[in-house]
There are 2 protein chains.
Amino acid sequence: MTNGLEDEDEGDRGLLSDRIRNALTDEITGGALPAGAALDEQQLADRFGASRTPVREALRQLAVSGLVEMRARRGVVVARITPERIMEMFETVAEIEAMCVRLATYRMTPLERSHLIELHEASEALVSRGDFDAYDAFNRDFHDAIYHATHNGFLAEQAIAVRTRLNGFRRTQLRQSERLRRSRDEHEAIMQAIAEGDGEMASRRMRAHMLNAATALRRFIETSKLA
Amino acid sequence: MTNGLEDEDEGDRGLLSDRIRNALTDEITGGALPAGAALDEQQLADRFGASRTPVREALRQLAVSGLVEMRARRGVVVARITPERIMEMFETVAEIEAMCVRLATYRMTPLERSHLIELHEASEALVSRGDFDAYDAFNRDFHDAIYHATHNGFLAEQAIAVRTRLNGFRRTQLRQSERLRRSRDEHEAIMQAIAEGDGEMASRRMRAHMLNAATALRRFIETSKLA
DNA sequence: AAGCGAGATCTTGCATACAAAGATACGCCG
DNA sequence: CGGCGTATCTTTGTATGCAAGATCTCGCTT
């Protein structure tokens with residue numbers, strides 16, 4: 001047992017390959033590295049001031065999680081995902097969220113319930129003043145709270161993993177204040193079903209909520225293309 | 001170089017690191033490498049007639065998929081999973097299966113439906129003659145057919161990944177002919193719901209089916225422990 | 001005798017070197 | 001002038017070497 005030194009910062013603590021992996025994950029999910037971008041090993045090694053070895057190990061890991069594609073002896077590219085597949089991923093996320101909220105409804109503790117209510121109520125202010133960034137952050141917290149209220153850590157991990165993976169392809173931000181309002185209304189409906197202890201209804205409403213968001217995003221993307 | 005890689009069984013085509021990864025995956029999910037077993041890099045390298053480099057890359061990938069645990073500078077061990085976590089994984093699989101069968105009910109083509117019926121009907125013979133191995137194989141096919149009938153490739157991949165991961169910790173085979181019969185009866189009920197186009201009912205029945213199987217397995221394990 | 005610590009040893013993590021498979025460019029032939 | 005084969009060159013895949021951290025051993029101290 002060592003003395004309690006926390007991993008204070010992203011400094012140079014920890015494994016180099018892990019730091020490279022985290023950095024690349026951020027850059028891909030953040031959109032800095034667009035889909036299809038070639039990831040040259042030597043180039044990345046130079047950029048991170050390391051050798052190719054840790055870079056390769058990081059890329060291997062990213063390949064497993066699906067963020068990049070490796071073609072044998074033909075290099076690595078940021079995963080280029082078809083629109084169909086993105087829709088499949090959205091649907092999967094919607095289904096998993098629906099599953100989670102059903103379980104959460106039946107299992108959440110009073111403390112977890114009050115926490116969720118608190119989060120939800122606070123979101124009204126964000127909608128009123130149209131603070132998209134803050135609402136995004138709240139939204140993550142809201143859904144995370146539901147994941148954890150399932151009291152199934154494995155399921156929560158899966159849900160977070162899938163959602164994170166989708167984030168990388170959602171750099172097109174939807175910033176319509178009307179959608180913000182509707183999002184909160186849908187949350188409201190979900191909260192009501194939770195309050196009534198009706199997991200099935202909460203589940204259906206969550207699914208609808210997620211698919212609405214996906215549809216809104218898709219319409220937005222298609223509209224942009226026409227412009 | 002010429003020092004011959006004995007191309008023992010597997011074709012020596014493809015990347016060495018990929019072959020090592022596949023071999024280790026099989027050994028772990030097959031139970032040859034029990035949970036908690038230490039995986040020494042040099043040792044594995046010797047065994048596969050390779051250097052540590054491809055072994056390391058394979059281990060990194062296995063760590064991402066959760067089959068092994070890496071502690072920095074302290075080596076790699078086959079993932080040691082608590083009973084609670086195994087139950088969580090079972091529940092997650094059950095929920096995902098339920099989700100899949102609901103979608104599949106609404107979306108499967110006539111061809112897919114007839115294929116599923118065919119599979120199911122053929123399973124009667126396996127139950128009658130108590131062929132556990134053949135029933136296991138059928139069971140995989142049956143559930144795979146449902147995954148694919150969702151017409152959501154991403155979801156199907158997720159489902160298969162989670163189920164595969166669970167396989168590694170299911171080396172305790174349940175071989176009760178009564179359970180075999182009940183399993184097929186539950187499939188029958190699911191097929192009926194599918195035939196009626198009632199996805200919700202198919203979903204509930206699938207969830208019950210999976211949880212029954214998990215419970216039977218857990219009871220079996222607990223009983224074994226007492227002996 | 002038990003606990004502790006310094007050094008030996010072993011294993012991991014990273015760097016560098018080398019080999020082989022695609023990619024590319026250029027010249028030859030049709 | 002264009003297609004194709006070959007040589008080169010770039011980039012990946014693997015091996016090996018070296019350094020740092022962790023574990024273990026064994027002697028020393030209390």
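Because the structure is predicted, anything quoted here is derived from the model rather than measured. All chains are named by letter (A, B, ...) in the order of the sequence lines, taking the proteins before the strands, and each is independently numbered beginning at 1.
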*With distance as the sole criterion, is a donor-acceptor pair present between the side chains of Y147(A) and E97(A) under 3.5 Å?*
yes
*Map R73(B) and R73(A) onto DNA chain C by nearest heavy atom, then report which one ends up closer to the 5' terminus.*
R73(B)
*Not counting sequence neighbours, which residues clear side chain to side chain contact (heavy atoms under 4.5 Å, CB included) with Q158(A)? List them please.*
F154(A), Q158(B), V162(B), R165(B)
*Can H151(B) and E88(A) be counted as having a side-chain donor-acceptor contact under 3.5 angstrom?*
no
_The criterion is side chain to side chain contact (heavy atoms under 4.5 Å, CB included); which residues satisfy it with R52(A), sequence neighbours excluded?_
E41(A), Q42(A), A45(A), R56(A)
_Just the rounded figure in Å: distance from P of dA15(D) to CZ of R56(A)._
11 Å
*Could you state the atom-to-atom distance from CD of Q43(A) to P of dT10(D) in whole Å?*
14 Å
*Just how far, in rounded Å, is P of dA21(C) from CZ of R71(A)?*
18 Å
_Check this one for me: any side-chain N or O of R74(B) less than 4.0 Å away from OP1 or OP2 of dT23(D)?_
yes
*asked:* Rounding to an integer number of Å, can you tell me how far E41(A) CD sits from dT10(D) C1'?
replied: 12 Å
_side-chain N/O R52(A) vs dA15(C) OP1/OP2, d < 4.0 Å_ = no
*To the nearest angstrom, how far is I20(A) atom CD1 from dG13(C) atom P?*
14 Å
_If you assign T53(B) and L39(B) each to the DNA chain C nucleotide with the nearest heavy atom, which residue ends up on the more 5' nucleotide?_
L39(B)
*Please state how far atom CG in L15(A) lies from atom P in dT11(C), giving the value in whole angstrom units.*
18 Å
*Specify the separation, in whole Å, of atom CG of L16(B) and atom P of dA21(C).*
13 Å
*asked:* Is the phosphate of dT14(D) approached by S17(B) (side-chain N or O, under 4.0 Å from OP1 or OP2)?
replied: yes
*Nearest-Å distance for atom pair CG/C1', residues D18(B) and dT12(D)*: 13 Å
*Between S51(B) and dA15(D), is there a side-chain N or O to OP1/OP2 distance below 4.0 Å?*
yes
*Just say parallel, tilted or perpendicular for the rings of F142(B) and H120(B), cut-offs at 30° and 60°.*
tilted
